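Quick notes on the structure that follows.
In this text, all values refer to a predicted model and were calculated from it rather than measured experimentally. Counting convention: from 1, in listed order, for ligands and their atoms alike.
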Amino acid sequence: MSHHAQKTVKASVFAALLSLSFVFSNCRMSQQTQNAQYVNSSSNVSSNSTTDPLTIHRRAISIDMHADTTQRMVDEHLDINQRLADGQLDAVRMKEGGLDAQFFSIWVEPQLYGLGGEGAMKRADDQINAVRSMVEKHSDTWELALSAADIRRIVGEGKLAALMGLEGGYAIDERLENVERYYKMGVRYMSGAWSVSTSWAGSSGDEIGRTRGLNDFGKSVIREMNRLGMMVDVSHVSDPTFWDIVNTSTKPVIATHSNCRAIANVPRNLTDDMIRALAKTGGVVCVLFYPEFLEPGWSEKKKKVDAQIAAEVQKANDEEQGNIALKKIARDRVRLKEYAKLLPPVTVARLVDHIDHIVKLVGIDHVGLGSDFDGIQATPTDLSSVADLPNVTKELLRRGYSEEDIDKILGGNMLRVMEEVEKK
Ligand SMILES: [Zn+2]
């Protein structure tokens with residue numbers, strides 16, 4: 001069966017399982033004899049399932065919860081439907097890597113666009129419009145997904161699903177009604193803060209965030225997200241804010257791109273207690289691919305390298321004649337090159353160590369993927385772009401994960417959370 005045909009079959013099996021009560025499911029399954037292999041392999045008995053990593057990888061619905069490719073689309077006017085010579089993600093390499101659904105990060109960098117106000121809102125709106133018009137222009141390849149059912153249907157049709165999440169709540173401009181504004185524009189998750197604290201949510205990236213949780217307005221934002229069916233993302237928020245979120249949200253809470261502090265001890269990662277609390281909400285931790293948050297000691301080494309290359313970074317910034325966004329891209333280009341030369345290599349094995357750790361703590365139902373592609377200045381050597389995604393599945397298989405487990409990690413767990421959060 002072709003890749004697409006398999007996806008169609010898979011989508012129809014899911015649809016059948018969801019829409020029919022279990023009373024009728026046996027009858028329904030026996031009608032779909034062509035699905036016999038899938039149905040068998042999805043049970044715990046995997047006797048006749050394939051062990052070919054690529055087959056398993058391509059048959060699964062894979063969802064990446066976070067990529068910053070959006071800013072490239074806005075600032076560099078890139079067409080991500082062709083193979084790009086640089087960067088980490090485009091539609092061609094998505095298909096090669098068997099990635100089916102991408103959450104495009106709508107990221108407002110507050111130092112450049114403000115902690116709120118018109119500048120922050122415009123920056124968010126520009127990115128949302130860029131995703132929406134890309135999808136419209138390439139409707140043969142893409143479709144905008146607003147729900148888990150959309151993802152299953154779009155993937156079943158052999159297309160790529162595009163979704164959006166707000167990174168940092170700056171664009172809501174401290175107004176509750178703006179949460180619904182962005183929901184209506186298609187945004188399906190939001191975090192309270194990126195590396196700079198908002199008045200209502202603390203960040204793991206600044207001093208004030210260490211003591212700042214959610215204030216009353218922040219709690220009302222979480223409740224509004226729960227009401228609308230927008231997922232609550234804790235990646236980047238501070239520890240006090242994390243705890244206030246899990247204690248306020250009545251729906252599963254997710255970390256779209258965070259790893260384990262027990263392995264790489266940085267404030268951006270989650271402690272074991274946090275992972276347990278997040279799992280208790282029914283949520284998912286999506287591991288990210290950045291070595292700084294994967295490899296113990298990498299962050300300290302990076303600080304030294306940053307000092308070493310500061311002049312070169314500044315030179316690239318000054319030589320770039322374009323706007324502030326292009327200057328940032330010029331600086332990051334130097335970092336990408338120098339980090340690869342000067343910092344220790346990390347591999348997919350380390351990424352899977354984080355997955356293992358989460359599974360040991362809270363089980364297989366609470367882990368997913370959030371690459372942060374195009375937002376990171378280094379990657380594991382065997383995961384340098386989305387085309388390398390099957391290497392994750394290979395490593396999971398090598399460590400004894402079943403096909404059913406892999407389905408959950410690649411996307412099944414996030415589909416479950418989306419369905420839960422969508423319930424009114
Ligand atoms: Zn981020």
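Although no hydrogens or angles enter the test, the distance criterion places no donor-acceptor pair under 3.5 Å between the side chain of H66 and the main chain of F103. Side-chain atoms of D64 come within 3.5 Å of backbone N or O of S371 as a donor-acceptor pair.
Evaluation of the salt bridge (charged side-chain N to carboxylate O under 4.0 Å, His left out) rule for R416 yields no partner, not counting sequence neighbours. With sequence neighbours left out, the side chain to side chain donor-acceptor pair (under 3.5 Å) criterion links S249 to N226.
Excluding waters, the count of protein N/O/S atoms less than 2.8 Å from the Zn ion (ligand 1) comes to 3.
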Can you list, pair by pair, the side-chain donor-acceptor contacts under 3.5 Å of residues 311-320, counting residues two or more places apart and other chains?
unit_1	atom_1	unit_2	atom_2	d
E312	OE2	K337	NZ	3.1
Q314	NE2	D318	OD1	3.0
K315	NZ	E319	OE2	3.4
N317	OD1	R331	NH1	2.7
E320	OE2	G322	N	2.7

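In plain terms, the two heavy atoms of R175 and F217 that are nearest each other are N-CZ, 3.7 Å.
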